[in-house]
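Along the sequence shown, residues are numbered consecutively beginning with 1. Model, not experiment: these values are computed from the prediction.
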Amino acid sequence: GPAGARAFCVSAWQNLSGLRGFDLVEAPRLGTIKFHTYQVGYRGERLGHDRAVVRVKWFDRTNTQRAGLITYNINVVPSL
């Protein structure tokens, strides 16, 4: 459908102090992913199961840089 009608979702990371950003490790096949300051946004282009892997980087309370992988398993379904 038109750009404004496509499904989207947002994952917010405001509670992770010292956030240093996101890196896309594995891009989704059925949609697009965008990063904002504390958010990961996904917009589905086609129906089906999709997946994206994102590396999150942050500093912990001892000012040591940390990183972790987050796997998003996404089911794009028709809107109601």
Side-chain angles (χ1 to χ4, degrees):
R6 292 191 304 256
F8 67 94
C9 66
V10 173
S11 176
W13 290 87
Q14 281 92 346
N15 293 334
L16 186 60
S17 62
L19 185 67
R20 297 292 297 165
F22 305 99
D23 294 323
L24 185 59
V25 176
E26 180 183 325
R29 295 178 299 109
L30 303 179
T32 57
I33 200 162
K34 291 186 180 181
F35 303 111
H36 304 285
T37 306
Y38 286 96
Q39 297 178 340
V40 177
Y42 173 87
R43 182 174 297 273
E45 302 291 336
R46 294 183 314 197
L47 300 179
H49 179 77
D50 208 354
R51 164 187 153 121
V53 180
V54 174
R55 179 178 290 111
V56 182
K57 298 176 288 189
W58 71 94
F59 284 104
D60 67 12
R61 69 178 76 186
T62 65
N63 210 29
T64 302
Q65 185 167 341
R66 304 289 184 182
L69 293 178
I70 306 295
T71 300
Y72 289 96
N73 286 304
I74 306 157
N75 287 310
V76 182
V77 298
S79 61
L80 299 176

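Criterion: ILVMFWY side-chain heavy atoms under 4.5 Å apart, direct or through other members. Under it, Leu69 and Ile74 are not part of a common hydrophobic cluster. The hydrophobic clustering, which links ILVMFWY residues whose side-chain heavy atoms are closer than 4.5 Å, places Ile70 and Val25 apart. Residues Val53 and Val10 do not share a hydrophobic cluster, clusters being chains of Ile/Leu/Val/Met/Phe/Trp/Tyr side chains in contact below 4.5 Å.
For the atom pair CZ (Arg29) and NE2 (His49), the distance works out to 8.0 Å, reported to the nearest 0.5 Å. Between the CH2 atom in Trp58 and the OG1 atom in Thr64 there is a gap of 11.5 Å [rounded to 0.5 Å]. Atom CZ of Arg46 is separated from atom CG of Leu30 by 5.0 Å, given to the nearest 0.5 angstrom. Atoms CG and CZ, on Asp23 and Phe35 in that order, are 7.5 Å from each other to the nearest 0.5 Å.
In terms of heavy-atom proximity, Thr37 sits nearest to Phe22 at O-CE1, 4.0 Å. For the residue pair Asp50 and Gly31, the shortest heavy atom distance occurs at OD2-N, 3.3 Å.
In this structure Arg51 satisfies the salt bridge (charged side-chain N to carboxylate O under 4.0 Å, His left out) test together with Glu26, sequence neighbours excluded.
For the pair Leu19 and Val56, the minimum side-chain heavy-atom distance is below 4.5 Å. Looking only at side-chain heavy atoms (C-beta outward), Val54 and Ile33 come within less than 4.5 Å of each other.
Applying the salt bridge (charged side-chain N to carboxylate O under 4.0 Å, His left out) test to every pair with at least one member in residues 33-42, sequence neighbours left out, gives no pairs at all.
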